[in-house]
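One structure below.
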Protein chains: 2
Amino acid sequence: MNTSTDSHKTRTGTRPQGQKSSTRERILAASLSLFNEQGERSVSTNHIAAHLQISPGNLYYHFKNKQAIIFALFEQYQQRVLGILEIPAGRTLQPQDKLHYLQGVFKGLWDYRFLHRDMEHLLLADPELHRHYRDFFRTCQSRVEAIFRGLGAAGILNVSEDDISGLALNTWIIVTSWFSFLRCNLLSDEAGTISPELLQGGIYQVFTLERPYLTDEYRDEMIALQQRYMPRPSWLVHDPAGGE
Amino acid sequence: MNTSTDSHKTRTGTRPQGQKSSTRERILAASLSLFNEQGERSVSTNHIAAHLQISPGNLYYHFKNKQAIIFALFEQYQQRVLGILEIPAGRTLQPQDKLHYLQGVFKGLWDYRFLHRDMEHLLLADPELHRHYRDFFRTCQSRVEAIFRGLGAAGILNVSEDDISGLALNTWIIVTSWFSFLRCNLLSDEAGTISPELLQGGIYQVFTLERPYLTDEYRDEMIALQQRYMPRPSWLVHDPAGGE
DNA sequence: ATTATCTATAGATCTATAGATAATGC
DNA sequence: ATTATCTATAGATCTATAGATAATGC
């Protein structure tokens, strides 16, 4: 019936609407939270079941396997991000819009941060998921390019079509790698958690990408906006002389 | 005796010099190759031993555990990269130098590509390694900043100190994320391998970062250089109308 | 004696299923 | 009847060690 494979079909069956089977939803929520905390790799189906105080058998009743859970979480994530990357209809873009996009996307990345942590493994283990994700990427890229084009049209940026595709790609990479970057390179043992400040440093970094393209008219305004996300020097230490 | 913990000491013991114990070296080489091919996560100590046709016990004679193998590979990688990011003594930087750095680093990243694939897990599982890696990152950052400063001094780039730290950080992120990006977003099932062309697309992308900072004097030359790494449009598809 | 290697194995998981039982919806 | 849940468990790994041999270096 369905054109594509349906190996990830859910089992909601004939359930009314949204209501009921809280178990399925609880499994997803618990998985998300455990995956984010400990990494998908170290969370087994046993852990998830134990965390919810249900039996492993019950978990397998609701999901074919761990991959199916991940697949469902992936879909949530994609919906979330696509909901944010919309061009406002019938008006030109404002400097504030840029901020809105970035904050929304970073929040989404944070809430589903396990995904990018083990992305390669997750995608390689599930070709269907990989296919979905590549489509998602392409859609995102054209949305981001449209945003840059909009910023150009609004006279905020001075960019050629060539600049735009380069910018969009670099933006994607910086944004999707930001949390990984933080955890690998900046998090010390003491400061085990990512503070909101660090989190928002990513916004600063993305602004850096387009700073050279700002028009004279908007340069000061945008740079002032960027400054609000300036990270304190403490976390970007360049070989500190006499630290420790 | 040693100030830091020595949990990763090797057991080369009283061995002459470089010679002998090819087994230890063979374990490292096989691990690197298997990790790169299949991902560290899916390669167990059993696999490594089987691949070398030695017993698991023998493997554990040479390495305390899998982490110790990874630690040793990490050290190799860091030496390799630091060897490349040297400022040439007694002369100003040339446009060609930039290329040399990028090619060397990308080659290193490729040869140890498993590291960045599972970086977060590897670092979180081994605090000592994490400490080493943070130091490595900081050293790299100041080297990269020095390179940008050198390109400024050579009249190739027109950059402020502020620009430099932003550029260096963005460069780091793009470079270290490039292969992951390729595998997640561009590799389709058919084209399972990363072609040299794709690989070098990363160089193009890094050039994009600094393009707006080129001085009038060098702009044409550097852009011509960048064009040599221009990826064919085929692999950066923007929602192709009528594809497939 | 020391270094290198093998065999065998304990103990800890994990995944995924079969089969029984309980709860629900007409 | 259908849906949800539990118990129990087979089968597959993996890691890491103990203890026995073999090979080497003085």
Side-chain angles (χ1 to χ4, degrees), chain A residues 7-31 34-35 38-72 114 118 121-122 124-126 129, chain B residues 7-31 34-35 38-72 114 118 121-122 124-126 129:
Chain A
S7 52
H8 292 290
K9 261 238 199 77
T10 67
R11 283 193 219 201
T12 316
T14 53
R15 192 156 307 105
Q17 200 78 303
Q19 283 282 38
K20 274 312 174 75
S21 182
S22 66
T23 303
R24 188 171 192 281
E25 304 309 318
R26 285 172 62 227
I27 292 173
L28 285 177
S31 302
L34 291 173
F35 288 163
Q38 303 167 35
E40 173 270 338
R41 181 173 176 171
S42 20
V43 175
S44 72
T45 48
N46 274 359
H47 289 134
I48 300 167
H51 183 81
L52 287 170
Q53 295 179 289
I54 64 175
S55 67
N58 192 6
L59 186 147
Y60 278 90
Y61 172 76
H62 289 282
F63 290 93
K64 190 168 146 288
N65 51 29
K66 193 172 157 188
Q67 261 181 41
I69 299 177
I70 291 166
F71 193 92
F114 82 95
D118 281 300
H121 178 262
L122 300 178
L124 259 48
D126 186 340
L129 181 58
Chain B
S7 51
H8 293 291
K9 261 238 199 74
T10 68
R11 281 190 221 203
T12 315
T14 53
R15 191 158 306 105
Q17 200 79 305
Q19 283 282 38
K20 274 308 170 81
S21 182
S22 67
T23 303
R24 188 172 192 279
E25 304 310 317
R26 286 173 62 227
I27 291 173
L28 286 178
S31 302
L34 291 173
F35 289 162
Q38 303 166 36
E40 173 271 337
R41 179 172 176 171
S42 19
V43 175
S44 73
T45 48
N46 274 358
H47 290 133
I48 300 168
H51 183 81
L52 287 170
Q53 296 178 287
I54 64 175
S55 67
N58 192 6
L59 186 147
Y60 278 91
Y61 172 76
H62 289 282
F63 290 94
K64 194 168 142 288
N65 51 30
K66 192 173 157 187
Q67 260 179 43
I69 299 177
I70 291 164
F71 193 92
F114 83 95
D118 281 299
H121 177 263
L122 301 178
L124 259 48
D126 186 339
L129 180 60

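Order of the sequence lines fixes the chain letters, A, B, ..., with proteins taken first and strands second; residue numbering starts at 1 for each chain.
- Here the side chains of B/Glu40 and B/Lys66 are in contact, with some heavy-atom distance below 4.5 Å.
- One atom, CD1 of A/Ile48, and another, P of C/dA16, lie 11 Å apart when rounded to the nearest Å.
- The phosphate of C/dT15 has OP1 or OP2 within less than 4.0 Å of a side-chain N or O from A/Ser44.
- Contact annotation: B/Thr23 does not reach the phosphate of C/dA4 (side-chain N/O to OP1 or OP2, under 4.0 Å).
- We find that OH of A/Tyr60 is positioned 16 Å from C1' of D/dT7, with the value rounded to whole Å.
- Panel note: side chain A/Asn58, backbone A/Tyr61; no donor-acceptor pair is recorded below 3.5 Å.
- Put simply, A/Asn58 has no side-chain N or O that comes within less than 4.0 Å of OP1 or OP2 on D/dA4.
- What separates NZ of B/Lys64 from C1' of D/dA16 is a distance of 11 Å, to the nearest Å.
- Nearest nucleotide to the side chain of B/His62, out of C/dT5, D/dT15, C/dT15: C/dT5.
- For B/Asn46 and D/dC14, the shortest distance from a side-chain N or O to OP1 or OP2 is below 4.0 Å.
- As rounded to whole Å, 11 Å separates atom C1' of C/dT5 from atom CD1 of B/Ile27.
- When atom types are taken as modelled, the side chain of B/Asp118 and the backbone of B/His121 share no donor-acceptor pair closer than 3.5 angstrom.
- With A/Lys64 contributing its side chain and A/Ile69 its backbone, the two residues share no donor-acceptor pair below 3.5 Å.
- In this structure, A/His47 and A/Gly57 both approach DNA chain C, and ranking their closest nucleotides by distance from the 5' end singles out A/His47.
- Using a 4.0 Å heavy-atom distance criterion, B/Ser55 is classed as a base contact.
- Residue B/Tyr61 places at least one side-chain N or O closer than 4.0 Å to OP1 or OP2 of C/dA4.
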